[in-house]
Amino acid sequence: MTRIFRRVAALRCWRRSLVGDVGFVPTMGALHRGHGSLMERARRENRYVIVSIFVNPMQFGPQEDFHRYPRTWEADVQLCQSLGVDAIFAPLPAEVVPSFRVVPPPEMVQVLCGPHRPGHFEGVCTIVLQLLNIVQPDRVYLGQKDGQQVAIVARMVEEFHLPVQVVRCPTVREASGLALSSRNRYLQGEEQRVATLLYQALALAVKEFEGGERSVGNLIKSMENFLRPYPQLRLQYIECVDLETLTPLDVIMDGMTAMLAIAGYVGNTRLIDNVLLQKRRPIVAIDGPAGAGKSTVAKLVAEKLGLVYLDTGAMYRAITWSVLQAGIDLEDKSAIVELASNLNLRVTSDAQIFVNGENVTQVIRQQAVTAAVSTVAAIPEVRAILVKEQQALGKAGGVVMEGRDIGTHVFPQAEVKIFLTASVAERARRRQRDLQQRQLEVPDLAEIQKSIEERDYKDMHRPISPLRQAEDAIRIDTDGMTIEEVVDKIISLWQERL
Ligand code: DC
């Protein structure tokens, strides 16, 4: 049963009783399959889902369609119910429209829709901040259709340190390519066909981009030429900006994610749409439990394919080594986070790792570090720091990244995803052999096996980014395989994929 709350106090009272993650989908109602896809995603990723339905008067200009904006309450409630939404929050304007305003940074509203809708994003930010504060979700789901809105809200969340994760969800389209929008309901007869020109023009640019065109000027010129014969679409803008900063781009370089956006009027209806343009070299993600041979294999794969090898476990180890050096108690998580936030980590293309200028590549392999690293890697703030760095390192692609969460969290869009594993017994034997070869002290097999089981348990049961196989990862069970066989297998998968 979907609960309905109109009053802040009631929603708060209910919210307080929830144990588990809350996903939040803010909407203005007139729900369609686009909203539906956000709710479904929220449903999959959270224990509870809250949808707000509120036609925010602050985000409409005086000449805009606030009064005629579609209101379809009954159907909205039904859709929420059918998708298993736990609660709808439909507040009263008097309770949620503040007299304060949240003003977005000028450079983010000087582009795209900003100049055409003065005050719009201020209205959006003010109410979104208000709703986030009331609902206190763990994740908020926003649609890429309103790409400028996502970028601005994501920046607001970052700069105000709001404890919520912004999830950007892909645009849902009709078979004709038309992006779903509550405003499509305004389109009459012929206008529906004219509206599809927006996406057709974008699709043309995508094709040219895929054919190698990198000049924004040329892409926009082709779109304008394509649209010229159709005066029924009154073009407002075509612009290309960086997806996150909204900085206007002239050239789309490898490793960038560009948003190519278009807006125009069809009759009295203002429509917007956008596509993402990005090109980078491919990424190979190799995840799996401790001791499965990930680093040996990843290094060889990188060498053979001419890619850069990045061992993300080494980054967790480097922080752990620093924690031990500083004599910080492993129980003192906040002290660990304070230290990690101040560290300067540097990873070179030849797999050397530096902490504040000191090369720690060797020392981070010590047993003391191995014993402590799972604890440090389970701290959400430590992961946030490293995931951000790893994403920056892999942005342009051309890397083999190895870890526990590369295919699931760091680069879920990696071209080749491997889950490399082996039985505990086999991993223990390998570890024993390795210690013998390095003429180090060799504990008995049962003891090694126990410590591997403990690490597996910690990696698989931590609340954040637990080790698991990504749905689209290929599992390679390496029991009975030689290193060469494993490497060959990954290289042939790479060749198949690309
Ligand atoms: O692969 P390794 O043993 O060097 O990894 C060290 C630790 O870091 C391991 O306990 C799990 C953690 N780790 C992680 O949580 N996420 C990664 N991407 C890589 C490693």
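On a predicted model such as this, the values are computed, not experimentally measured, just so you know. Indexing begins at 1, ligand by ligand and atom by atom, following the structure's order.
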So for H409 against ligand 1, with non-hydrogen atoms under 4.0 Å, the contacting part is neither
Note: L467, heavy atoms under 4.0 Å from ligand 1, region reported as neither
Touching ligand 1 at all, R462? Heavy atoms, strictly under 4.0 Å?
yes
| Below 4.5 Å, heavy atoms only, C-beta onward: do P104 and E122 meet side chain to side chain? | yes
Atom 1 (O) of ligand 1: closest protein heavy atom, distance to 0.1 Å, is R404 NH1, 3.1 Å
For A377, the atoms of ligand 1 under 4.0 Å from one of its heavy atoms are 12 (C), 15 (O)
Hey, does R383 come in under 3.5 Å of ligand 1, counting only N/O atoms on both sides?
yes
For R317, the ligand 1 atoms with a heavy-atom partner under 4.0 Å come out as 2 (P), 3 (O), 4 (O), 6 (C)
Within the 4.0 Å heavy-atom cut-off, what M315 brings close to ligand 1 is neither
Note: heavy atom closest to atom 20 (C) of ligand 1, options A371, S374, G313, belongs to G313
Looking only at protein heavy atoms, what sits closest to atom 18 (N) of ligand 1 is D405 OD1, 2.7 Å
Short version for R455: what comes under 4.0 Å of ligand 1, heavy atoms counted, is side chain
Practice problem: Look at R43 together with D86 and state whether they make a salt bridge at an N to O cut-off of under 4.0 Å. | Solution: yes
For T312, the ligand 1 atoms with a heavy-atom partner under 4.0 Å come out as 17 (C), 18 (N), 19 (C)
Any heavy-atom pair between the side chains of Q148 and E239 that's under 4.5 Å?
no
Report task. Would you mind reporting whether I452 and R430 have side-chain heavy atoms less than 4.5 Å apart? Result -> no
If you scan protein heavy atoms around atom 8 (O) of ligand 1, the nearest is Y316 CB, 3.6 Å
Whether T171 side chain and K145 backbone form a donor-acceptor pair below 3.5 Å: yes
V373 heavy atoms within 4.0 Å reach ligand 1 at atoms 6 (C), 7 (C), 8 (O), 10 (O)
Test side chain to side chain contact (heavy atoms under 4.5 Å, CB included) on V399 and F411 and set out the steps.
CA-CA 11 Å; V399 293; F411 283 107; 5.5 Å; no
| Short question: side chain of R15, backbone of Q136 - any donor-acceptor pair under 3.5 Å? | yes
Do side-chain atoms of R475 reach the backbone of F419 as a donor and acceptor pair under 3.5 angstrom?
no
Practice item. Using atom types as modelled and distance alone, determine if a side-chain donor or acceptor of D21 lies under 3.5 Å from a backbone N or O of R47. Key: no
